[in-house]
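Throughout, a chain's letter reflects where its sequence line sits, starting with A, and its residues are numbered from 1.
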There are 2 protein chains.
Amino acid sequence: MSPAQHDAEVLIRTLREQGQRVTTGRRAIAEVVAANPDLSAEEIVGFVQRDHPEVHPSTVYRTLETLEEAGLVRHVHLGHGPARWQLADDPAHRLVCEGCGAVQLVSRVRFDEVRRQVEAEFGFAIAFGHFAMTGRCSTCR
Amino acid sequence: MSPAQHDAEVLIRTLREQGQRVTTGRRAIAEVVAANPDLSAEEIVGFVQRDHPEVHPSTVYRTLETLEEAGLVRHVHLGHGPARWQLADDPAHRLVCEGCGAVQLVSRVRFDEVRRQVEAEFGFAIAFGHFAMTGRCSTCR
DNA sequence: ACCCAGATGCGAGCAGCTCGCACGTAGCAG
DNA sequence: CTGCTACGTGCGAGCTGCTCGCATCTGGGT
């Protein structure tokens, strides 16, 4: 079993443990999100409908919301345009270049020092995640 | 003349210097943005239409775009919902609490150290601005 | 005072969701 | 294995926050 399949299993199992029903659509959506980080909802619809054309876009939106409330996935805004979905325990933070649009993945733990510093100085605990950080990558500077 | 009126004058003058036309609508929009940071486009429409009810919402959107291209204003996303507009030289960065929604203004220069650190480690120049930083304020933690 | 590129009012259109409703099915009780 | 029912779904309408095309108007140079 691939790591992504394993992740999807965990999502599905956790959903069931929380008293939620497991449907074909939910299972397919969990698999797609686990296997493909940073897809938009519309892209997820595309992947899901390859195998399950009957799954409606609104079901995808609602399922993503359910999974997010369950703390299993999260969405992040990389710029204008649709939100991007990923597993809640995705260990990377996104740096988006305003010049070329490139997305640089950086391990979250490498921001611990910055987080500590901001927390000490401003009493504010940054939750890197909901919005990407925008700026200029080394080649665009 | 209030500082905001002065700022508005600078905006208008710079527009004209860039070969753009100065209209009643543009003047009114510049004054509203200079006097009230972090308004949404729709709120700006409201303010402008008090004195100039003929100014159409689409004019406000287009003028904000023009002012942004001229480097005079910028928009920032504080969360879901409409963008918020401010003068490009607004010296504050926004920290938005995910718990209570409070917006904490922090002088940008106080992030210089963080910026330097991230640049040294990841080769990425963070442009605090287009997205606010989300997290938890001291009272919500 | 005249001219015309550029700005505006207006309304249609679009992206990205969100919601209400009727139907269908997961999952539990028996 | 069967039946029940509340939760999930397909479907389409609706909503927010812009964006655009077009005809008309006007700022500002001559």
Between C:dC23 (C1') and A:R21 (CZ): distance, integer Å: 13 Å
Within this structure, what is the CG-to-P distance between A:L64 and C:dC19, rounded to whole angstrom? 15 Å
Please report the distance, rounded to the nearest Å, between CD in A:E43 and P in C:dC17. 11 Å
Short side-chain N/O contact to C:dT8 OP1/OP2 from B:T23, under 4.0 Å: yes
Describe the nucleic acid contact of B:S58 in one word from base, sugar-phosphate, nothing, applying a heavy-atom distance below 4.0 Å. base
Sugar-phosphate only, base, or nothing, as touched by A:E65 at under 4.0 Å among non-hydrogen atoms: nothing
note: A:Q49, atom CD; D:dT9, atom P; distance rounded to Å ~ 14 Å
Touch check for B:R27, heavy atoms < 4.0 angstrom, all strands: base, sugar-phosphate only, or nothing? nothing
Measure NE2/B:H80 against C1'/C:dA15 and give the value in whole Å, please. 15 Å
Could you work out which one of D:dC18, D:dG10, C:dG16 sits closest to the side chain of A:P82? C:dG16
Using a distance-only criterion (donor-acceptor N/O pair, under 3.5 Å, no hydrogens), is the base of D:dG21 paired with the side chain of B:R62? yes
Of all heavy-atom pairs between A:R141 and B:A125, which one has the smallest distance, and what is that distance? CD-CB, 3.4 Å
Mind checking whether B:V55 and B:T24 have side chains closer than 4.5 Å, heavy atoms only? no
Taking any heavy-atom pair under 4.0 Å as a contact, classify A:A41: base, sugar-phosphate, or nothing. nothing
OP1 or OP2 of D:dC7 versus the side-chain N and O atoms of A:Q20: is any pair under 4.0 Å? no
Contacts of A:W85 and B:V22 projected onto DNA chain C by closest heavy atom; the upstream (5') one is B:V22
Would you say the side-chain atoms of A:H56 pair up with the backbone N or O of A:S58, donor to acceptor, closer than 3.5 Å? yes
What is the distance from NE2 of B:H56 to P of D:dT19, rounded to the nearest Å? 15 Å
B:Y61 OH - D:dC20 P separation (whole Å): 13 Å
Ignoring hydrogens, what is the shortest heavy-atom contact between B:R108 and B:F128? Give both atom names and the distance. NH1-O, 2.8 Å
Need one value for A:G81: base, sugar-phosphate or nothing, where a base atom within 4.0 Å counts as base even if backbone is also close, heavy atoms only. sugar-phosphate
Residues A:R116 and A:E119 bridged, charged N to O under 4.0 Å: no
I'd like to know if B:R26 reaches the base of C:dG6 with its side chain, counting only an N/O donor and acceptor under 3.5 Å. no
Taking CD1 from B:I12 and P from C:dA7, how many angstroms apart are they, rounded to a whole number? 12 Å
